[in-house]
Amino acid sequence: MINVVKGIYKRGNIFWIRYAGLDGKTIYESTHSNKFQDAVTLLGDQKKLVRDGKQPNIKKKISNVTFKELAVEYVKWAERQRAYNQKVTLINQLVGIFGNHPLRYFTTMLLEQYQTERMQRGNKPATINRHLATIKHMFTKAVEWDYVEDEVLKRVRKVKQLEENNRRLRYLSQEECQDLINACDPHLRPLVVTALNTGMRFSEIVNLRWDKHVDLRHGFILLDKTKNGTRREIPVNATLRATLQGLARRLDIPYVFFNPSSEKPYQRIQHSFATALKKAGIRDFRFHDLRHTFASHLVMAGVDITTVSRLLGHKDLTMTLRYAHLSPNHMSKAVDILDNVLNEKTNYTKTIQLGYNGNVTDL
């Protein structure tokens, strides 16, 4: 066990020392070593120089660290972040490409070529930008950890993000929704019904727990840690209630949806979802588009954008406004309501419930 010595601490896997210089200001210095004794020796040497009236000369010693070595430490650091599992998957992909490449040999051209190659393989700009953002942050931490020189980080930061087209809005009609539900395998059907009636993301759905998130007594699902880091409460309508009540529950497994073979939450359902789409005759559709379907039908039914935004868990209305065009008559309806009020006409209300019933009783 390593003894605790005042003025010695760790950043990542490297020991650092802290002491007062000639002017009394605190100096923080890396030992560039993962050995505790090296830190003890350096701290003693630097303090002696100060006692002798000399200002220590701090020199940076950068070793030839590879991208793979950086990734090992970065993954440990990333445990504190949201969506940790997805980030680890992304980093593993990057290691497969840049693994043995020394950090100091990364250039602007190298990463721009990487962008081009990904585009030629059909990757979308948003996906490539997420990769680039992760690389840039990894190099930011690499400089902080003395794994690479500042000049390399400057080269990496010069790479510009690709222009994204976030206007894609694919949603299903009511008939297509029912066709898709009917085409789903038994394990997939509840996931699809939940997505259609809540607008939740796939990761949010598969990580639902009976004890933490689902309250059928009061009729809501509570997400305490979402992608945006905000708390979100989603009402449970009759269709979703019937679906959840029809699920087989096991006392030893806390998750609402789990793979019977692994007894853990589903990680991938691409194959079964693709099969269901093919049976239903639906093309160019992703699981995430069920979230768009949820929002689109709410807007088309007359639900206001602010309410839709809250149900989706958007931080502001910017993302939600993409659905505004689906309600072309919303402005005329607004002035009609004003006309009714000013002329003391009879007010009316309309209750809207989004639910895809179909064969829910078959679940």
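Note that the structure is a prediction, hence the values are computed from the model and not measured. Numbering starts at 1 and runs along the sequence shown. Basis for what follows: all heavy atoms, side chains included, without hydrogens, waters or symmetry-related copies.
At distances below 3.5 Å, not a single donor-acceptor pair connects side-chain atoms of Asp179 with backbone N or O atoms of Ala280. A distance-only check finds a donor-acceptor pair linking the side chain of Glu204 to the backbone of Arg201 [under 3.5 Å]. Looking at Arg291, its side chain does come within 3.5 Å of a backbone N or O of Gly199 through a donor-acceptor pair. Formation of a donor-acceptor pair under 3.5 Å by the Arg18 side chain with backbone atoms of Tyr28 is not found in this model. Between the side chain of Asn237 and the backbone N or O of Leu240 there is at least one donor-acceptor pair closer than 3.5 Å. At distances below 3.5 Å, at least one donor-acceptor pair connects side-chain atoms of Lys136 with backbone N or O atoms of Val159.
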> Does the pair Phe257 and His187 meet the rule for a ring-ring contact (aromatic ring centres under 6.0 Å, His included), with working shown?
Replying inline: CA-CA 8 Å; Phe257 305 104; His187 77 282; over 10 Å; no
>> One pair to check against ring-ring contact (aromatic ring centres under 6.0 Å, His included): Phe15 and Tyr9. What are the steps and the verdict?
In response: CA-CA 6 Å; Phe15 281 101; Tyr9 60 99; 9.3 Å; no
> Between Glu263 and Arg250, does a salt bridge (charged side-chain N to carboxylate O under 4.0 Å, His left out) hold up when you go through it step by step?
Replying inline: CA-CA 10 Å; Glu263 299 185 345; Arg250 283 179 49 176; 2.9 Å; yes
> Is there a salt bridge (charged side-chain N to carboxylate O under 4.0 Å, His left out) between Lys48 and Asp45 once you walk through the steps?
Replying inline: CA-CA 5 Å; Lys48 184 178 184 302; Asp45 292 342; over 6 Å; no
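Closest non-hydrogen pair, Asn182 versus Arg189, comes out as O-NH2, 4.0 Å. Scanning both residues, Val192 and Phe287, for their nearest heavy atoms gives CG2-CE1, 4.3 Å.
Thr41 and Asp38 share no donor-acceptor pair across their side chains, judged by distance under 3.5 Å alone. Counting only N and O atoms by type, the side chains of Glu29 and Tyr19 include a donor and acceptor under 3.5 Å apart.
In this structure, Phe139 is not a member of the same hydrophobic cluster as Ile128, with clusters built from ILVMFWY side-chain heavy atoms closer than 4.5 Å.
Taking 4.0 Å as the cut-off between side-chain N and carboxylate O, Glu144 and Arg11 do not count as a salt-bridged pair.
Ring geometry, Tyr171 versus His297: the interplanar angle exceeds 60°, so the pair is classed perpendicular (tilted spans 30 to 60°).
Judged by the 6.0 Å and 45° rule, Arg209 forms a cation-pi pair with Tyr255.
You'll find the ring centres of Tyr74 and His137 inside the 6.0 Å limit. You'll find the ring centres of Phe98 and Phe106 inside the 6.0 Å limit.
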